[in-house]
Amino acid sequence: GQKVIAMHGSAKDVEVRVAKVAKAVIKNAKIELSRVSGFFSFSCGTNAAMGGNNGMTRLAENLSDSLGWVPSLAMCGGPEFGNQGGDAYKSFVGSYMFSAIVFSDVPVTEKLE
C-alpha cells in the first residue's frame with residue numbers, strides 16, 4: 001500500500017537548491033540574516049557521489065553565502081532512516097537528502113510571524 005515516487009535531480013540541483021531553500025526558510029521565518037550565528041548540515045552520500053569533492057565544496061560555499069558566511073559544521077553519510085511523510089507513514093530509507101539546522105540569536109520566546 002505504499003506509494004513509490006521516483007526522485008529526479010542533478011549534481012547542479014544539489015549545489016544550488018539547498019542554498020536557495022535555506023535562504024527562503026530564513027526569509028519566511030522573518031529572521032534577519034545578521035541574526036544567523038551558524039548552521040549544521042547533513043548530506044546524503046548520494047550527493048557526494050553525484051557531485052564529488054568539487055560539487056560538495058560548491059554546495060558548502062553556496063550554503064555559506066546564502067546564510068552570511070557564519071561558522072558551520074557538516075557531515076556526509078547515509079543512508080537516512082526515519083519517519084518520512086508524517087505520522088501516517090512508517091520508517092523509510094531515504095537518499096539524495098540534505099538537512100540543515102540553522103542557529104540564530106533570536107530568543108525562543110520571541111514570536112516569529
Side-chain angles (χ1 to χ4, degrees):
Q2 293 182 347
K3 186 176 181 180
V4 177
I5 299 172
M7 298 172 65
H8 301 280
S10 69
K12 192 67 172 174
D13 289 339
V14 174
E15 294 174 23
V16 176
R17 180 126 176 95
V18 169
K20 181 178 179 180
V21 170
K23 190 171 188 174
V25 168
I26 297 300
K27 181 179 178 184
N28 291 341
K30 297 188 180 1
I31 296 176
E32 294 177 32
L33 199 56
S34 64
R35 298 194 71 181
V36 173
S37 54
F39 67 92
F40 170 77
S41 59
F42 180 82
S43 178
C44 175
T46 301
N47 297 332
M50 287 175 62
N53 289 339
N54 291 335
M56 294 304 287
T57 298
R58 286 188 295 272
L59 183 153
E61 289 175 352
N62 288 338
L63 185 58
S64 290
D65 185 47
S66 72
L67 295 175
W69 293 98
V70 294
S72 64
L73 178 65
M75 293 176 53
C76 186
E80 297 78 34
F81 294 93
N83 189 335
Q84 299 177 26
D87 294 334
Y89 299 99
K90 304 290 182 199
S91 183
F92 289 94
V93 176
S95 63
Y96 190 54
M97 299 169 76
F98 193 94
S99 300
I101 299 171
V102 178
F103 302 99
S104 77
D105 64 358
V106 176
V108 174
T109 57
E110 185 173 322
K111 184 178 179 182
L112 300 175
E113 296 180 24

Show which side-chain atoms of residues 17-25 pair as donor or acceptor with protein atoms under 3.5 Å away, not counting sequence neighbours.
none

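Summarising the geometry of L33 relative to S66, their closest heavy-atom pair is CD1-O, 3.5 Å, with the distance given to 0.1 Å. A pairwise comparison of heavy atoms in F39 and V102 identifies CB-CA, 4.0 Å as the closest pair.
Interatomic distance, CG of D105 versus CD1 of I31, reported as 9.0 Å (0.5 Å rounding). Between the CG atom of L67 and the OG atom of S72 there is a distance of 9.0 Å, given to the nearest 0.5 Å. Taken to the nearest 0.5 Å, the CE atom of M75 stands 11.0 Å off from the OG atom of S99. Atom OG of S41 is separated from atom CD1 of I101 by 9.5 Å, given to the nearest 0.5 angstrom.
Side chains of F103 and R35 form no contact here, defined as non-hydrogen atoms less than 4.5 Å apart.
Panel note: side chain S43, backbone C76; no donor-acceptor pair is recorded below 3.5 Å. N62 contributes a side-chain N or O that, together with a main-chain N or O of R58, makes up a donor-acceptor pair within less than 3.5 Å.
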